[in-house]
Amino acid sequence: MKTWRLAALIVLGCAAAFAMAAAARHWLIEPAAMGARCLTGADDGLCLARDWIIASFVQQRIGWCALGLAIIAIACARRGVAAIALFAACLGLVLYSTDPSAPAALLALLVFAREPGPAAAASASNNPQNTSA
């Protein structure tokens, strides 16, 4: 994949993660009215989503998950795992889990900065593409 396409996908994925986390934080988690509504025993989807989101950042779980995935991505040089780690790190940066999420984002980005390994280079040389426009 071309580098500019990959960079665009990374930026769009991070922007989507930041937008989703900000929306959840400002419309589900922080409003006092939503907290009072959910404390009264409302069993609707919004309160269930709110409880699940809060459980994801209690004890910084989402950040530690992102950091673990980023370490796996660095060790195995897997860009797919790095993309998931970066998405989770972006969520954690907005959802109160900054301590483990910040290094997770940096480690995940390092996987994308790394040159493809010899196996990826060999498979790319075996599959020539038409580069004429």
Side-chain angles (χ1 to χ4, degrees):
M1 180 177 282
K2 300 229 185 237
T3 11
W4 64 270
R5 288 183 186 167
L6 181 62
L9 285 174
I10 291 169
V11 169
L12 288 175
C14 288
F18 281 127
M20 288 177 7
R25 180 175 172 174
H26 294 293
W27 290 322
L28 289 177
I29 297 168
E30 289 183 355
M34 181 60 81
R37 177 179 165 211
C38 292
L39 282 177
T40 61
D43 265 350
D44 61 352
L46 289 177
C47 289
L48 292 175
R50 181 179 190 269
D51 291 341
W52 185 81
I53 292 168
I54 290 172
S56 74
F57 64 77
V58 169
Q59 298 174 352
Q60 301 190 8
R61 290 179 185 145
I62 194 166
W64 289 114
C65 178
L67 186 58
L69 286 170
I71 291 171
I72 291 170
I74 284 278
C76 300
R78 298 286 186 181
R79 288 185 170 182
V81 177
I84 296 168
L86 185 59
F87 188 81
C90 290
L91 292 175
L93 286 170
V94 178
L95 293 175
Y96 314 105
S97 185
T98 57
D99 290 341
S101 294
L106 292 174
L107 288 174
L109 285 172
L110 283 175
V111 174
F112 293 109
R114 182 185 291 177
E115 287 291 324
S123 68
S125 67
N126 290 338
N127 297 327
Q129 295 181 357
N130 187 3
T131 57
S132 63

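Treat the numbers as computed from the prediction; the structure is a model and nothing was measured. We count residues from 1, following the sequence as given.
Linking ILVMFWY residues whenever their side-chain heavy atoms come closer than 4.5 Å, directly or via other members, leaves L91 and L93 in distinct clusters. Connection of V58 to L28 is established within a shared hydrophobic cluster, with ILVMFWY side chains joined at heavy-atom distances below 4.5 Å, either directly or through further cluster members. No continuous path of ILVMFWY side-chain contacts below 4.5 Å connects M34 to L48, so the two sit in separate hydrophobic clusters. Hydrophobic clustering, with ILVMFWY side chains joined whenever heavy atoms are under 4.5 angstrom apart, keeps F87 apart from I84.
Remark: side-chain polar atoms of R61 are paired, donor with acceptor, to backbone N or O of A55 under 3.5 angstrom. Judged by distance alone, with hydrogens and angles left aside, the side-chain atoms of S56 form a donor-acceptor pair with the main-chain N or O of I53 at under 3.5 Å. A donor-acceptor contact shorter than 3.5 Å links the side chain of S97 to the backbone of G63. At least one donor-acceptor pair under 3.5 Å links the side chain of R50 to the backbone N or O of I29.
Looking only at side-chain heavy atoms (C-beta outward), M20 and V94 stay at 4.5 Å or farther from each other. Side-chain contact between Q59 and W64: absent, with no pair of heavy atoms (C-beta onward) separated by less than 4.5 Å. Under the 4.5 Å side-chain criterion, counting only non-hydrogen atoms from C-beta, Y96 is not in contact with I62.
Taking CZ of F57 as the reference point, atom CH2 of W52 lies at 11.5 Å (rounded to 0.5 Å). The line from CG of L67 to CG of D99 is 11.0 Å long, rounded to the nearest 0.5 Å. In this structure, the separation between CG on L95 and SG on C90 is 11.0 Å, given to the nearest 0.5 Å. Rounding to the nearest 0.5 Å places SG of C76 at 11.5 Å from CD1 of I71.
Less than 2.5 Å separates the SG atom of C38 from that of C47.
A89 and A104 make their closest contact through CB-CB, 4.1 Å (heavy atoms, listed as atom of the first residue, atom of the second, distance). Looking at every heavy atom in both residues, A85 comes nearest to A108 through CB-CB, 4.2 Å.
Within a 6.0 Å radius of CZ in R78, other residues, nucleotides and ligands contribute 12 heavy atoms or fewer.
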Could you walk me through whether L109 and I10 pass the side chain to side chain contact (heavy atoms under 4.5 Å, CB included) check?
CA-CA 9 Å; L109 285 172; I10 291 169; 4.1 Å; yes
